[in-house]
Amino acid sequence: MSRVQLALRVADLEGSIAFYSKLFGAEPAKRRPGYANFAITEPPLKLVLIEGTADEPTRMDHLGVEVATTDEVTAATRHRLLLRRAGQGVGHRPRCRTLGGLHGQG
């Protein structure tokens, strides 16, 4: 399964957790100090909440796509290379995260 990962830096972590828990009808899949994430099946979404500072508005921290295996990362990297060779390159090198961990691509 692949899913979009959206990470938000929020001023009020506890308030944000309460809001998204109610919105999704689910508790965070993982919590630690300054961090929580929701692994939602439908729509396929990993929402990450990162504690920011109280005086800053909520902002996007990062955006990504999670995939189940490193084979999917390899296939996407090959596809990107073919696009680049065809003159349809992508603007930057992505960091790819599988459900098993982080895999830097460059």
Side-chain angles (χ1 to χ4, degrees):
M1 174 183 86
S2 63
R3 62 181 163 210
V4 170
Q5 181 184 62
L6 171 63
L8 300 175
R9 191 163 295 274
V10 298
D12 180 3
L13 182 62
E14 293 305 316
S16 296
I17 290 170
F19 174 81
Y20 287 107
S21 292
K22 187 173 183 178
L23 179 68
F24 296 133
E27 293 299 313
K30 191 181 294 183
R31 283 190 75 166
R32 61 179 185 256
Y35 175 93
N37 77 45
F38 291 84
I40 307 303
T41 304
E42 192 56 44
L45 172 68
K46 168 80 70 77
L47 176 67
V48 176
L49 301 174
I50 303 166
E51 188 171 38
T53 57
D55 60 337
E56 290 186 9
T58 296
R59 66 177 173 87
M60 185 172 71
D61 186 81
H62 65 273
L63 181 65
V65 176
E66 286 188 354
V67 296
T69 69
T70 55
D71 290 340
E72 291 178 71
V73 175
T74 301
T77 303
R78 284 187 185 135
H79 179 72
R80 182 177 175 276
L81 179 60
L82 291 173
L83 287 175
R84 178 174 261 165
R85 286 182 181 161
Q88 301 175 22
V90 179
H92 70 283
R93 282 197 122 149
R95 287 183 357 165
C96 298
R97 181 180 295 276
T98 66
L99 296 179
L102 182 66
H103 301 276
Q105 297 295 309

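Side-chain contact between Tyr35 and Lys30 is present, with heavy atoms from C-beta onward closer than 4.5 Å. At a threshold of 4.5 Å between non-hydrogen side-chain atoms, the residues Asn37 and Leu47 do not count as touching. Between Arg9 and Met60, every side-chain heavy-atom pair lies at or beyond the 4.5 Å cut-off. The shortest side-chain heavy-atom distance between Leu6 and Leu45 falls under the 4.5 Å cut-off. Contact of the Pro28 side chain with the Ser21 side chain is registered, since non-hydrogen atoms from C-beta on lie closer than 4.5 Å.
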Could you give me the CA-CA distance, side-chain angles and deciding distance for Leu49 and Leu13, then say whether side-chain contact (heavy atoms from CB on, under 4.5 Å) is met?
CA-CA 7 Å; Leu49 301 174; Leu13 182 62; 3.7 Å; yes

So Leu63 and Val4, side-chain contact (heavy atoms from CB on, under 4.5 Å) or not? Walk me through it.
CA-CA 7 Å; Leu63 181 65; Val4 170; 3.9 Å; yes

Report the C-alpha separation of Asp71 and Thr69 in whole Å, then their side-chain angles, then the decisive distance to 0.1 Å, and conclude whether the side-chain hydrogen bond (donor to acceptor under 3.5 Å, both in side chains) test is met.
CA-CA 5 Å; Asp71 290 340; Thr69 69; 4.6 Å; no

Begin with the C-alpha distance, continue with both residues' side-chain angles, and end with the deciding distance and a verdict on side-chain contact (heavy atoms from CB on, under 4.5 Å) for Tyr20 and Leu8.
CA-CA 12 Å; Tyr20 287 107; Leu8 300 175; 3.7 Å; yes

Please assess Asp61 against Val48 for the test side-chain contact (heavy atoms from CB on, under 4.5 Å), listing each intermediate value before the final yes or no.
CA-CA 9 Å; Asp61 186 81; Val48 176; over 6 Å; no

Full working for salt bridge (charged side-chain N to carboxylate O under 4.0 Å, His left out) between Glu14 and Arg31
CA-CA 11 Å; Glu14 293 305 316; Arg31 283 190 75 166; 2.7 Å; yes

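With hydrogens and angles disregarded, no donor-acceptor distance shorter than 3.5 Å links the side chain of Glu56 to the backbone of Gly52.
Note on Phe19 and Ile17: same hydrophobic cluster, where clusters join Ile, Leu, Val, Met, Phe, Trp and Tyr whose side-chain heavy atoms are under 4.5 Å apart, directly or indirectly. Residues Phe24 and Val10 are members of one and the same hydrophobic cluster, defined by side-chain heavy-atom contacts under 4.5 angstrom among Ile, Leu, Val, Met, Phe, Trp and Tyr.
Comment: Arg3 does not engage Glu42 in a salt bridge, judged by the lack of any side-chain N to carboxylate O separation of less than 4.0 angstrom.
In plain terms, the two heavy atoms of Glu66 and Lys46 that are nearest each other are OE2-NZ, 3.0 Å.
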